[in-house]
Engineer: 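Starting off with a structure, shown below.
Computed from a predicted model, the values in this text were never measured in an experiment. Naming: A, B, ... by sequence-line order, numbering from 1 per chain.
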Amino acid sequence: SLSERLQGVFKKLRGKGKLTEKDIKEAMREVKVALLEADVNFKVVKDFINSVTEKALGQEVMESLTPAQQVIKIVHEELIKLMGSVESRLNLGSKVPAVIMMVGLQGSGKTTACGKLANLLKKQGKNPLLVACDTVRPAAIKQLQVLGANINVPVFTMGDKVDTADIAKASIDYAKSHNVDVVIIDTAGRLHIDDELMEELVRIKEAVHPDEILLVADAMTGQDAVNVASSFNERLDITGVILTKLDGDTRGGAALSIKAVTQKPIKYVGIGEKLGDIEPFYPDRMASRILG
Amino acid sequence: LSFGKKVDEELFEELEEALILADVGVDTTYKIIQSLKQKTKEEKIFEASKVRKLLAQEIYEILQKDVEPFVLTSPMVILIVGVNGVGKTTTIGKLAHLYKKQGKSVMMVAADTFRAAAIDQLEVWAKRVNCPIIKHQEGSDPASVVFDGLQSAKARGIDVVICDTAGRLHNKKNLMEELRKIRKVIDREYSEARVETFLVLDATTGQNALQQAKIFKEVADITGIILTKLDGTAKGGIVIAIKEELNLPIRYIGIGEGMEDLQAFDAKSFVSAIFQ
Ligand SMILES: Nc1nc2c(ncn2[C@@H]2O[C@H](COP(=O)(O)OP(=O)(O)OP(=O)(O)O)[C@@H](O)[C@H]2O)c(=O)[nH]1
Ligand SMILES: Nc1nc2c(ncn2[C@@H]2O[C@H](COP(=O)(O)OP(=O)(O)OP(=O)(O)O)[C@@H](O)[C@H]2O)c(=O)[nH]1
Ligand SMILES: [Mg+2]
Ligand SMILES: [Mg+2]
């Protein structure tokens, strides 16, 4: 573990008396390795190590009898600060219906996340509507319908031959005349470098002005997380992130990468395949997990 | 570009960064760069472009070492496994299409009986490539669907049976046990068939892919890897670490969502793509 590795570094430095800047830099190399192994992006790690090294050169560490513990404490605190406060509230605005749009790469967990949020909102006394705007993936509409049926939430669909922005617009009209207060729009997975498909998302956004545009990202994403997150954010100005499959054993460094490049809050995490498997994002838990 | 640039520590740091950004991982990158520095010294290399060529060659050798070509024989059972959302079901559509083009008879087995509309999804692919599909009700026992699929394939003299399975995280013990059971059924019910178990990995996955490969290999005797979503910006470099540590050959790559978007793995182009 990182604390064991840092103990090792400082142990062999103990004999030489006072700690020097060079010693701290050596300790920071261990932190760098730990973060890279946790899938935090290379450039994000560089910036993080620079800012933490500055803090670690202060008296706390240099004059401490337990420098390893002090370094861990500083790293941990910096990570938590970077990951933002617990922000699990959806900003549903004042107009009715509120609109949530889910976006992201192929297979990240969007459709399942739509079901999970619908379930959550229903338990909070809302009347949600799921909207099938994935008109390309085989049986995507059926998948959403099965999820909706499981939690007794209606699914709005116009089949797979209608333009997705038109489906989104029509779903708002349907919502207004059916006492729905939150509309959750599922979209097809797509690559952030596919201009035509990214443009489709912009058109849906302009058609229905979502209150929340949530990037659904797989927690086991590696170095590519920064490319994906910054592209989606630049095109759509996302309002938040849902990190999925955290019931796996990935360290989840993608969380730090995504937060660092977008500055947008991670609102929820997926912790399983069932519709109840969603919980708020806790920055301190994520920080501990990343450090390993 | 570093043509005519000298070989110095800055060059090795640049190459190290490229490998890390490609998800090769810290340990494997370190080993590769150390070996590269050694060779550069021994062979007295002073040109950066030559060092780059040496690095590409080194990675190529890791990927190609002891790899037997994949030959389609009949009868064959291909079991497709992997964690959630990596592209298993879509890849089966692509494989069926490829093998049919090669003149083989193919059958699909819808053994993901868990996920919403998983059977429906595979059925669409079966229609697209025009091949038979064996399925049960959603919620039924996957091992029994496989059992039925194999009986049917034997009776019909099918060349290649491809089994879809539910996505499952490798740290879920009960799901890995279910997979072990499915594998046992195949070995027991179709002993005359050659069995290939392909682990599907998503190119966007980071270091966790190594753990996935380790656990799936223990449970389901993985014989090859299919790396999907290489049409994105992720490089999938973790397969280098996987090949080095577990000697699993990469058989195919997925480069899109259509039936034709599957290619046999080509180590040379994979390596050059890492440095683009
Ligand atoms: N273990 C686990 N599996 C999840 C989680 N979220 C989603 N999944 C699974 O991941 C797979 C993909 O989920 P989908 O909801 O179909 O993903 P998607 O983003 O809609 O996929 P596309 O529409 O094809 O882009 C399914 O097998 C889900 O059950 C999670 O938090 N944990
Ligand atoms: N861009 C791209 N997308 C792919 C590729 N392979 C699969 N996909 C997409 O990834 C998403 C998930 O594919 P699936 O085939 O449903 O994945 P799966 O592993 O069967 O998912 P589960 O059964 O839920 O675990 C779909 O949107 C596919 O179209 C690929 O090579 N490139
Ligand atoms: Mg979906
Ligand atoms: Mg599937």
Engineer: How long is the span from the CG atom in A:Asp249 to the CG atom in B:Leu169, to the nearest 0.5 Å?
Structural biologist: 8.0 Å
Engineer: Do the non-hydrogen side-chain atoms of A:Lys46 and B:Glu17 ever get within less than 4.5 Å of each other?
Structural biologist: yes
Engineer: In terms of heavy-atom proximity below 4.5 Å to chain B, should A:Leu105 be classed as side chain, backbone, both, or neither?
Structural biologist: side chain
Engineer: Nearest 0.5 Å please: distance from the CG atom of B:Leu19 over to the CD atom of A:Gln223.
Structural biologist: 11.5 Å
Engineer: Looking at A:Asp39 and B:Gly206, what are the two nearest heavy atoms and their distance?
Structural biologist: OD1-CA, 3.4 Å
Engineer: Out of curiosity, A:Arg251 CZ to B:Gln207 CD, how far, rounded to the nearest 0.5 Å?
Structural biologist: 10.0 Å
Engineer: Name the option with the most non-hydrogen atom pairs under 4.5 Å to chain A; the candidates are B:Lys235, B:Arg128, B:His170.
Structural biologist: B:His170
Engineer: Can you tell me which portion of B:Lys172 sits under 4.5 Å from chain A's heavy atoms? Options are side chain, backbone, both or neither.
Structural biologist: side chain
Engineer: Look at A:Ala139, A:Gly189, A:Pro138, A:Ala219 and state which one has the largest set of heavy-atom pairs under 4.5 Å with chain B.
Structural biologist: A:Pro138
Engineer: For the atom pair CG (B:Asp231) and CG (A:Leu191), what is the distance rounded to the nearest 0.5 Å?
Structural biologist: 5.0 Å
Engineer: When heavy-atom pairs shorter than 4.5 Å are enumerated against chain B, which of A:Ala38, A:Ser108, A:Gly222, A:Ala140 gives the highest number?
Structural biologist: A:Gly222
Engineer: Could you state the interatomic distance from CG (B:Asn208) to NZ (A:Lys245), rounded to the nearest 0.5 Å?
Structural biologist: 11.0 Å
Engineer: Where does A:Glu37 contact chain B at under 4.5 Å (heavy atoms): side chain, backbone, both or neither?
Structural biologist: both
Engineer: Roughly how far, to the nearest 0.5 Å, is the OG1 atom of B:Thr205 from the CG atom of A:Asp224?
Structural biologist: 10.5 Å
Engineer: Quick check: do B:Leu21 and A:Lys43 have side-chain heavy atoms less than 4.5 Å from each other?
Structural biologist: yes
Engineer: Below 4.5 Å from any heavy atom of chain B, which atoms of A:Lys110 appear? Answer side chain, backbone, both or neither.
Structural biologist: neither
Engineer: Of the backbone (N, CA, C, O) and the side chain (C-beta and beyond), which part of A:Asp247 lies under 4.5 Å from a heavy atom of chain B, both, or neither?
Structural biologist: both
Engineer: Between A:Leu147 and B:Ala116, which heavy-atom pair has the shortest distance, and what is it?
Structural biologist: CD2-CB, 4.1 Å
Engineer: With a 4.5 angstrom heavy-atom cut-off, could you sort out which part of B:Val86 is near chain A: side chain, backbone, both or neither?
Structural biologist: neither
Engineer: Have a look at B:Glu257 and tell me which of A:Arg137, A:Gln106, A:Arg190 forms a side-chain hydrogen bond (donor to acceptor under 3.5 Å, both in side chains) with it.
Structural biologist: A:Gln106
Engineer: Is there a side-chain contact (heavy atoms from CB on, under 4.5 Å) between B:Thr204 and A:Asp218 once you walk through the steps?
Structural biologist: CA-CA 9 Å; B:Thr204 65; A:Asp218 195 322; 5.8 Å; no
Engineer: Near A:Phe42 CZ, under 6.0 Å, is it more than 12 heavy atoms from other residues, nucleotides or ligands?
Structural biologist: yes
Engineer: A side-chain contact here means heavy atoms from C-beta on lying under 4.5 Å apart; do A:Gln143 and B:Arg115 qualify?
Structural biologist: yes
Engineer: Tell me, for B:Gln211 versus chain A, whether the close heavy atoms (under 4.5 Å) come from the side chain, the backbone, both or neither.
Structural biologist: side chain
